[in-house]
Undergrad: 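Below are the structure tokens for one structure; questions will follow.
Count residues from 1 along the sequence. Just follow the structure's listing: the first ligand is 1, and inside any ligand the first atom is 1.
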Amino acid sequence: MTVPRQRTAGRLAAPAARPVEHNTAGRFLLRALFWGGLALAVLPWWLGTKAGSIDTQAELFQSAGRVTGLIAGYLLLVQVVLMSRLRWLERWIGARHLGLWHRELGGSVLVTILAHAALITVGYAHADRVGLTSELGTLLTEYPDMITAFIAAGMLVCIGLLSIRALRRALPYEMWYFLHLTAYVTLLLGFAHQFSNGQELFRPGLGRTVWIGFYVVMIAAVVLGRIVGPLTLNLRHRLRVADVVPESPDMVSIYITGRRLDDLDARAGQFFRWRFLARGLWWQAHPFSLSAAPNGRWLRLTVKTVGDHTQRMRAMQPGTHIFVEGPWGDFTASRRVKQRALLIAAGSGIAPIRALLEELPPGAVVIYRASAVHDLHLRHELEELAQLRHAQLWFVVGDRRDPGPRRLFTAAGMSDLVPDITDRDVYLCGPDGLVEQSLQVLRRLRVPRRQVHLDPFEL
Ligand SMILES: Cc1cc2nc3c(=O)[nH]c(=O)nc-3n(C[C@H](O)[C@H](O)[C@H](O)COP(=O)(O)OP(=O)(O)OC[C@H]3O[C@@H](n4cnc5c(N)ncnc54)[C@H](O)[C@@H]3O)c2cc1C
């Protein structure tokens, strides 16, 4: 099959603004569900802890240990559901928000697990009137399923520490990812001790039923989001590479065809996780945004070579089968709250920005930042598109210390270029430095936060 290379003009002539959607209500409802679930999770402890039933220090520690254990177990299940890749959850809340919540909750999971282990050990040591090491030995040898529970806690602490940004960046991505995935193993390892030792759960009753319900929801979310959803999508669309087109020595566009692309339900600005079923590529799925709005006939990615995987993608052959997951992300025209937009891009960030330009209403302003002219990718396409969409296109080229780029990232420079900036949505995609500088300027110009949309290329 042949696909038109960099030619989308016929379809671009039609303005494609879609209605504005907000998901604030969705986020509020999810928060309510979270707190409601947490209340249900600790309910058995609350009902079992009668007023005046805690007389001794040992009982106080044990009771605190039990409630932190319930909270930790619940948070862990929520973490898995947040990352279950359920399409409707992602659409409802947004992939970025789910990721942010997952990261924020991570710290609480660590603290509650460590508190649970410490409080239970101290509480039992007090009750048995023995030292902490002796009690630890008793817990590990005489209580069922405690060894696996301690291993699970140790693994979770390691996973939590590896998620600290500096440590995470120091590791190759795939290694970090596979280590992070072992969180599923910790669930299995920790599961048994909850039901064999947990005072609130080992007897049949309300508490046990509620917790079995939590596990069922978690398993259903993972099976649907990670297995059933992707399988259905791939069987339906059977995507494969149609063409690999070099854009420059370090940038390549990949055109993709498949069946029924018109009902793929993807939008400009979204990304998929792409697993190319070719030698050296099949074992990793990498996220790439669409660099052209979906048109029912083909999809396109534009990829910058930064490492081994993106290097190998350049050599892919037409016909290569693809297994995808997605589409994800809310960096789309539907997040818009104003009629017009400002788009700021640099590096590979131009890919989703280029696609968005097709779907946003006419009259957008695009600022494309690059160190040198040869780093401006998709240039002719952008110029053609700008004309069709009545958009202003600014290429800001040069070192960041040069007068032009330096002035652009000042309040005066930016408002000279885009005088009505406070009345626009701002879509921002590029390296950390560009995003940080732009955000500072937008803050100084008092562009409301809800008008600023980021795609930081980070999951
Ligand atoms: C939502 C999103 C959309 C993206 N869209 C584009 C795009 O349209 N065009 C483009 O050129 N790049 C895009 N990227 C970046 C792209 O995914 C990485 O550059 C690519 O995966 C690097 O792979 P590598 O093995 O060649 O390089 P490496 O040197 O191995 O990785 C470079 C960096 O890329 C990230 N990365 C590597 N592997 C993965 C992975 N499997 N999943 C997530 N991140 C990973 C890590 O931060 C890593 O430090 C996007 C990233 C995200 C998160």
Undergrad: What part of Pro287 sits under 4.0 Å from ligand 1 if we count only heavy atoms: the side chain, the backbone, both or neither?
TA: both
Undergrad: Measure Leu301 to ligand 1 on non-hydrogen atoms and call it side chain, backbone, both or neither using the 4.0 Å cut-off.
TA: neither
Undergrad: So which of Trp211, Tyr215, Phe34, Trp35 actually passes ring pair (Phe, Tyr, Trp, His ring centres under 6.0 Å) with Tyr74?
TA: Phe34
Undergrad: So for Ala285, does at least one of its heavy atoms come nearer than 4.0 angstrom to any atom of ligand 1?
TA: yes
Undergrad: Between Phe288 and ligand 1, which residue portion shows a heavy-atom distance shorter than 4.0 Å: side chain, backbone, both, or neither?
TA: both
Undergrad: For residues 302-324, which residue pairs pass the salt bridge (Lys or Arg N to Asp or Glu O under 4.0 Å) check, not counting sequence neighbours?
TA: Asp250-Lys304
Undergrad: Should the ring pair His97 and Trp101 be called parallel, tilted or perpendicular, given that the plane angle runs from 0 to 90° and is split at 30 and 60?
TA: perpendicular
Undergrad: Heavy-atom distances under 4.0 Å are what count here, so tell me which part of Thr305 touches ligand 1: side chain, backbone, both or neither.
TA: neither
Undergrad: Tell me which part of Arg273 gets within contact of ligand 1: side chain, backbone, both or neither, using heavy atoms under 4.0 Å.
TA: neither
Undergrad: Only one of Asp263, Asp265, Asp262 clears salt bridge (charged side-chain N to carboxylate O under 4.0 Å, His left out) with Arg236; which?
TA: Asp263
Undergrad: Less than 4.0 angstrom from a charged side-chain N to a carboxylate O is my criterion; do Arg169 and Asp432 meet it?
TA: yes
Undergrad: Have a look at ligand 1 and work out which part of Ser291, if any, has a heavy atom under 4.0 Å from it: side chain, backbone, both or neither.
TA: neither
Undergrad: Quick check: does Lys304 get an N/O under 3.5 Å from an N/O on ligand 1?
TA: yes
Undergrad: I'd like to know if Asp425 and Lys338 make a salt bridge, using a cut-off of under 4.0 Å between side-chain N and carboxylate O.
TA: no
Undergrad: Kindly identify the option in Tyr173, Phe272, Trp274 whose heavy atom sits closest to atom 43 (C) of ligand 1.
TA: Tyr173
Undergrad: Ignoring hydrogens, just give me the one of Gly326, Ala95, Pro172, Gly307 whose non-hydrogen atom is nearest atom 29 (O) of ligand 1.
TA: Gly307
Undergrad: Applying salt bridge (charged side-chain N to carboxylate O under 4.0 Å, His left out), name anything that partners Glu383, two or more places apart in sequence or on another chain.
TA: Arg379
Undergrad: Quick one: does Arg169 get within less than 4.0 Å of ligand 1, heavy atoms only?
TA: no
